[in-house]
J.: 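Structure in structure tokens, see below.
Reckoned from all heavy atoms, side chains included, excluding hydrogens, waters and symmetry mates. All ligand and atom numbering here is 1-based and tracks the order in the structure. Numbers here are sequence positions counted from 1.
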Amino acid sequence: MTSTVKGKVEILFGAQWGDEGKGKVVDMFGSEVDIFVRYQGGANAGHTVIVEGKKIIFKLLPSGMLYPGKVCMIGNGVVLDPEQFLKELRELGERGYERARLVVSPHAHVVMPYHKTLDKAQESHRSKEHKIGTTGRGIGPCYVDKYARNGLRVEDLLDADSLRKKVADALEEKNHILTKLYGENPIPFDEIYEPARDWGKAMAPYVGDTTDLLLKAVDEGKHILLEGAQGTLLDIDHGTYPYVTSSSTTTAGGFTGTGLPINSLTRVIAVVKAYTTRVGEGPMPTEDKGELGESLRQKGGEFGAVTGRARRCGWLDMVALRYALRLNGADVIALTKLDVLSDMDEIKVCTSYDVGGKKTDAFNTNVDFLEEAKPLYETLPGWKGDISHCESLDSLPPTARDYIHYIEKATGVSVALIGVGADRNQTINLGL
Ligand code: GDP
Ligand code: IMO
Ligand code: MG
């Protein structure tokens, strides 16, 4: 397949279990990009951007929103919670930000209030060992309706008459499930229909054919950045199922989630945190439940941007990382939060697992395999002192540079950007 692409289409994805710092990298990239696109997931994401000390957490809107004159899109693959969408827009306005122009796909599915009720009801009915620890944002139930062909799409909110019938049909089924299966109260029609009609009115100015706009933008030579949410190991197919989210978080999701053709892609950027975190349930071989985990959590501020939950922390898992980079065809790594590892006497890296007495460096998403896997570590020297003001590779302590080179050698992928702090400017750009 020969690429006839004129524009630059880059995709940025999380290479671990989410919260790698994708928001910061997207925002830092901002001035070069013409169009920013979210393509999967919904308001379960929490992408933090810090500009001159001011923090903004994007849950649904792309992290390029702070660039007036640019375009931000919500692609068809996203599940869109209209309440959250309008709230985020309102908050940006209240805080006095000028913002990018926003276009929403009419084909994005709508997260309705009953999806959130169902998400919470399902989670509370799961036995202790089967809980997923979802964000409760209605993501799973909304994607279920999409694939069952029962969903409401953004375009359905725009026609008040047909919306009435669609809401009535949906509630008939959902109320049956809520009352009969979960012992919840039924949801009254007006409680859904009236707000949904108002959401349609408020959202109408933003709805546009995102796929067509993107295809034209490619022909016009524009620079498009697809912003992944969550992380590879939370992918519905390629993650640690069932402890995953309900969308394709890998680069593949970028094509179905926007309509861009596969051969339009020009670069794949993996966002990798310098250690590992996970929020919610499911296996995590390098999790440290002791002092190290607590120290990373405190130093790294590892508390969920959406739910505030403490993130589980541990050393970098190279077995999992190599899998994620290969699976996504990563061209370069944006390595974040290197500063959090400062002042450690030594830094460990998990290079293989011991599974039932056998050493392996092959990743496997099977939950039993990962629960049994004991990480085998290589120990590297740490470095002392604050690196958060470093602006070049040369200004980093030699052992910090060694850590970066170690990652490059072990993965075969070069590091193009290093995060040394949470602010937009606390970044060493090596050519991203
Ligand atoms: P995302 O979901 O991948 O966008 O990541 P989150 O925003 O959920 O979590 C990343 C956290 O780390 C946020 O609090 C960021 O402000 C912060 N962060 C991002 N990059 C860096 C970095 O290089 N150093 C430090 N110390 N913090 C960072
Ligand atoms: P960003 O984009 C980290 C996790 C939840 C739970 C599982 C399923 O900020 O990296 P869901 O509500 O999606 O059905 O929950 O996925 N999860 C995330 N973890 N970062 C995220 O997004 C996440 N989005 C979902 O904690 O374990
Ligand atoms: Mg996050």
Side-chain angles (χ1 to χ4, degrees), residues 12-28 38 40-51 53-60 62-63 79 81 111 115-116 118-120 122-123 131-144 227-236 239-247 249 270-275 277-284 296-312 334-342 386-388 390 417-428:
L12 174 145
F13 73 95
Q16 291 148 314
W17 275 286
D19 302 327
E20 295 88 353
K22 299 176 291 293
K24 179 195 147 161
V25 179
V26 170
D27 166 69
M28 181 247 128
R38 276 279 309 265
Q40 46 68 234
N44 50 347
H47 294 183
T48 314
V49 169
I50 301 183
V51 187
K54 289 202 190 108
K55 185 195 263 196
I56 298 135
I57 300 176
F58 293 110
K59 296 182 178 134
L60 195 53
S63 302
V79 287
D81 175 346
V111 178
H115 290 131
K116 290 183 249 183
L118 276 169
D119 191 358
K120 288 174 198 142
Q122 281 167 356
E123 187 70 358
K131 284 198 193 306
I132 295 168
T134 72
T135 59
R137 297 298 188 270
I139 306 301
C142 185
Y143 277 116
V144 166
E227 174 181 1
Q230 289 79 53
T232 299
L233 301 172
L234 290 171
D235 184 272
I236 185 73
T240 54
Y241 191 90
Y243 302 100
V244 293
T245 188
S246 300
S247 67
T249 62
V271 185
V272 178
K273 198 182 278 190
Y275 49 96
T277 63
R278 172 163 205 171
V279 62
E281 304 302 325
M284 173 180 165
L296 289 171
R297 184 152 46 247
Q298 294 306 330
K299 280 171 75 182
E302 297 295 353
F303 297 89
V306 174
T307 58
R309 290 178 291 177
R311 295 177 185 150
R312 301 152 63 192
L335 184 69
T336 62
K337 304 192 92 160
L338 188 67
D339 54 302
V340 176
L341 295 183
S342 294
D386 183 8
I387 61 167
S388 63
C390 290
L417 178 139
I418 304 157
V420 292
D423 199 273
R424 183 188 273 178
N425 297 324
Q426 289 178 304
T427 313
I428 301 173

J.: Heavy-atom contact check, 4.0 Å cutoff: does Arg311 meet ligand 1?
T.: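 Arg311 counts as a contact of ligand 1 under the 4.0 Å cut-off.
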J.: Using a 4.5 Å cut-off on heavy atoms from C-beta on, say whether the side chain of Pro141 contacts that of Gln122.
T.: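 Yes, close enough: below the 4.5 Å cut-off.
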J.: Going by atom types only, do Thr135 and Arg137 share a side-chain donor-acceptor pair under 3.5 Å?
T.: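 On atom types as modelled, these side chains do not qualify, holding no pair under 3.5 Å.
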J.: I need the atoms of ligand 1 closer than 4.0 Å to a non-hydrogen atom of Ile50, numbered in the order shown.
T.: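 Within the 4.0 Å cut-off of Ile50, ligand 1 contributes 16 (O).
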J.: With heavy-atom distances below 4.0 Å as the criterion, list the atoms of ligand 2 near Asp19.
T.: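 Taking each heavy atom of Asp19 in turn, ligand 2 has 1 (P), 3 (C), 9 (O), 10 (O), 20 (N) under 4.0 Å.
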J.: For atom 19 (C) of ligand 1, what is the closest protein heavy atom, and at what distance to 0.1 Å?
T.: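 Result: Lys24 CD, 3.8 Å.
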J.: Mind checking whether Thr307 contacts ligand 2 via backbone (N, CA, C, O), side chain (CB onward), both or neither, at a 4.0 Å heavy-atom cut-off?
T.: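 For Thr307, there is no contact with ligand 2 at all, from either part.
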J.: Taking only heavy atoms of Gly419 into account, list the atoms of ligand 1 that are under 4.0 Å away from them.
T.: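 Reading through ligand 1 atom by atom, the close ones are 23 (O).
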J.: Evaluate Thr135 for polar contact with ligand 2, using N/O atom pairs at a separation under 3.5 Å.
T.: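 Min N/O separation from ligand 2 is below 3.5 Å for Thr135.
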J.: Under 4.0 angstrom from ligand 2, any heavy atom of Gly46?
T.: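 It does, in that a heavy atom of Gly46 comes within the 4.0 Å cut-off of ligand 2.
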J.: Any N/O/S atom, backbone or side chain, of Ala305 lying under 2.8 Å from the Mg ion (ligand 3)?
T.: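 Ala305 does not place any N, O or S atom closer than 2.8 Å to the Mg ion (ligand 3).
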J.: Would you mind reporting whether Thr48 and Lys55 have side-chain heavy atoms less than 4.5 Å apart?
T.: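 Lys55 reaches Thr48 side chain to side chain.
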J.: Going by the atom numbers of ligand 2, which of them fall below 4.0 Å from some non-hydrogen atom of Ala229?
T.: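 Every atom of ligand 2 under 4.0 Å from some heavy atom of Ala229: 2 (O).
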J.: Just which atoms of ligand 2 are under 4.0 Å from any heavy atom in Ala45?
T.: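 The atoms of ligand 2 under 4.0 Å from a heavy atom of Ala45 are 1 (P), 2 (O), 9 (O), 22 (O).
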J.: For Gly18, is at least one N or O under 3.5 Å away from an N or O on ligand 2?
T.: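 No.
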J.: Just jot down the ligand 1 atoms closer than 4.0 angstrom to any heavy atom of His47, in number order.
T.: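 Within the 4.0 Å cut-off of His47, ligand 1 contributes 1 (P), 2 (O), 4 (O), 7 (O).
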J.: As a check for students: among Leu234, Val306, Thr245, identify the option with a heavy atom nearest to atom 4 (C) of ligand 2.
T.: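 Looking at heavy atoms only, Leu234 sits closest to atom 4 (C) of ligand 2.
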J.: Got a second to check how far Thr277's OG1 is from Phe303's CZ, nearest 0.5 Å?
T.: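 Atom-to-atom, Thr277:OG1 and Phe303:CZ are 12.0 Å apart.
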J.: Return the name of the atom in Asp19, of element N, O or S, nearest to the Mg ion (ligand 3).
T.: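 Looking at Asp19, the N, O or S atom with the least distance to the Mg ion (ligand 3) is OD1.
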J.: Pick out which of Thr134, Asp119, Thr245 makes a side-chain hydrogen bond (donor to acceptor under 3.5 Å, both in side chains) with Asn44.
T.: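 When side-chain hydrogen bond (donor to acceptor under 3.5 Å, both in side chains) is applied between Asn44 and each of Thr134, Asp119, Thr245, only Thr245 qualifies.
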J.: Of the protein's non-hydrogen atoms, which lies at the shortest distance from atom 5 (C) of ligand 2, and what is that distance?
T.: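 Sorting protein heavy atoms by distance from atom 5 (C) of ligand 2 puts Gly133 O, 3.5 Å first.
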J.: Specify side chain, backbone, both or neither for Thr48, according to which of its non-hydrogen atoms lie closer than 4.0 Å to ligand 1.
T.: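 Both the backbone and the side chain of Thr48 come within reach of ligand 1.
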J.: Can you pull out the closest protein heavy atom to atom 6 (P) of ligand 1? Residue, atom name and distance to 0.1 Å, please.
T.: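 Here the nearest protein heavy atom works out to Gly46 O, 3.5 Å.
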J.: Looking only at protein heavy atoms, which one is nearest to atom 7 (C) of ligand 2, and what is the separation?
T.: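 Ranked first by proximity to atom 7 (C) of ligand 2 is Val244 O, 3.9 Å.
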J.: With a 4.0 Å cut-off, would you call Lys337 and Glu302 a salt bridge?
T.: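 Salt bridge flag = yes for Glu302 with Lys337.
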J.: Suppose I only count heavy atoms of Val420 and a 4.0 Å limit; which atoms of ligand 1 are within that range?
T.: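 It comes down to these atoms of ligand 1: 23 (O).
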J.: Can a donor-acceptor pair be found, under 3.5 Å and without considering hydrogens, that links the side chain of Tyr143 to the backbone of Gly41?
T.: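 Here the side-chain-to-backbone pair exists.
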J.: Once rounded to the nearest 0.5 Å, what's the spacing between atom CG of Leu296 and atom CZ of Arg312?
T.: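 That separation rounds to 14.0 Å.
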J.: Using a heavy-atom cut-off of under 4.0 Å, does the side chain or the backbone of Lys22 touch ligand 2, or both, or neither?
T.: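 The side chain, only.
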J.: Are side-chain N/O atoms of Thr427 and Lys24 paired as donor and acceptor at under 3.5 Å?
T.: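 Distance-only check passes for Thr427 and Lys24.
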J.: Verify side chain to side chain contact (heavy atoms under 4.5 Å, CB included) between Ile132 and Glu281, making sure each step is shown before the conclusion.
T.: CA-CA 5 Å; Ile132 295 168; Glu281 304 302 325; 5.6 Å; no
J.: For ligand 2, does Trp17 get within less than 4.0 Å through its side chain, its backbone, both, or neither, judged by non-hydrogen atoms?
T.: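 Near ligand 2, Trp17 shows its backbone, while the atoms from C-beta on stay back.
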J.: When you measure from the side chain of Gln16 to the backbone of Lys273, do you find a donor-acceptor pair of N or O atoms at a distance under 3.5 Å?
T.: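 Answer holds: yes.
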J.: Give the residue and atom name of whichever protein heavy atom lies nearest to atom 22 (C) of ligand 1, and the separation in Å to one decimal.
T.: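 Among all protein heavy atoms, the one nearest atom 22 (C) of ligand 1 is Gly421 O, 3.1 Å.
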J.: State, yes or no, whether a side-chain contact exists between Thr240 and Arg278 at a heavy-atom distance under 4.5 Å.
T.: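 Thr240 reaches Arg278 side chain to side chain.
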J.: Please round to the nearest 0.5 Å and tell me the distance separating atom CD of Gln230 and atom OG of Ser247.
T.: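 That separation rounds to 5.0 Å.
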J.: Measure the distance from atom 10 (C) of ligand 1 to every protein heavy atom, then report the residue, atom name and distance (to 0.1 Å) of the closest one.
T.: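 Scanning the protein heavy atoms, the shortest distance from atom 10 (C) of ligand 1 goes to Asp19 O, 3.8 Å.
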J.: Could you tell me the separation between the CD1 atom of Ile236 and the CD atom of Gln40, rounded to the nearest 0.5 Å?
T.: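 So the gap between those two atoms works out to 11.5 Å.
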J.: Between atom CG of Leu335 and atom CD1 of Ile418, what is the distance when rounded to the nearest 0.5 Å?
T.: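 The CG atom of Leu335 sits 7.0 Å away from the CD1 atom of Ile418.
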J.: Quick test of your reading of the structure: of Leu233, Val271, Thr134, whose heavy atom lies closest to atom 14 (O) of ligand 2?
T.: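 Selected option, by shortest heavy-atom distance: Thr134.
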J.: Do NZ/NE/NH1/NH2 and the carboxylate oxygens of Lys59 and Asp81 come within less than 4.0 Å?
T.: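 Not counted as a salt bridge, because no side-chain N and carboxylate O are separated by less than 4.0 Å.
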J.: Could you check atom 27 (O) of ligand 2 against the protein and tell me its nearest heavy-atom contact, residue, atom and distance included?
T.: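 For atom 27 (O) of ligand 2, the nearest protein heavy atom is Val279 O, 3.2 Å.
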J.: List the closest protein heavy-atom neighbour of atom 23 (C) of ligand 2: residue, atom name, distance to the nearest 0.1 Å.
T.: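 Minimum-distance protein heavy atom for atom 23 (C) of ligand 2 reads Gln230 CG, 3.6 Å.
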J.: Is there at least one pair of N or O atoms, one from Gly21 and one from ligand 1, spaced under 3.5 Å apart?
T.: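 Gly21 vs ligand 1: N/O contact under 3.5 Å present.
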J.: Could you tell me the residue and atom name of the protein heavy atom closest to atom 12 (O) of ligand 1, and the distance to it rounded to 0.1 Å?
T.: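 I find the closest protein heavy atom is Lys337 NZ, 2.9 Å.
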J.: Which residue holds the protein heavy atom closest to atom 4 (O) of ligand 1, what is that atom called, and what is the gap in Å?
T.: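 Scanning the protein heavy atoms, the shortest distance from atom 4 (O) of ligand 1 goes to Gly23 N, 2.8 Å.
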J.: For a 4.5 angstrom cut-off between non-hydrogen side-chain atoms, does Phe13 reach Thr232?
T.: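 Of all side-chain heavy-atom pairs linking Thr232 with Phe13, at least one is under 4.5 Å.
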J.: Does the side chain of Thr336 come within less than 4.5 Å of Val271's, by heavy atoms?
T.: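 Yes, close enough: below the 4.5 Å cut-off.
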J.: Is the shortest N/O to N/O distance between Asp119 and ligand 2 below 3.5 Å?
T.: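 Looking only at distances, the answer is no, because the N/O contact criterion of under 3.5 Å is not met.
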J.: With atoms numbered from 1 as shown, which atoms in ligand 2 lie under 4.0 angstrom from a non-hydrogen atom of His47?
T.: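 In order of numbering, the contacting atoms are 1 (P), 2 (O), 9 (O).
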J.: Tell me the nearest of Gln122, Glu20, Arg309 to atom 26 (O) of ligand 2, using heavy-atom distances.
T.: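 That would be Arg309.
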J.: To which protein heavy atom is atom 24 (N) of ligand 1 closest, and what is the distance rounded to 0.1 Å?
T.: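 Ranking protein heavy atoms by distance from atom 24 (N) of ligand 1, first comes Asp339 OD1, 2.8 Å.
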J.: Working to the nearest 0.5 angstrom, can you tell me the gap between Gln426 CD and Ile387 CD1?
T.: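 These two atoms lie 10.0 Å from each other.
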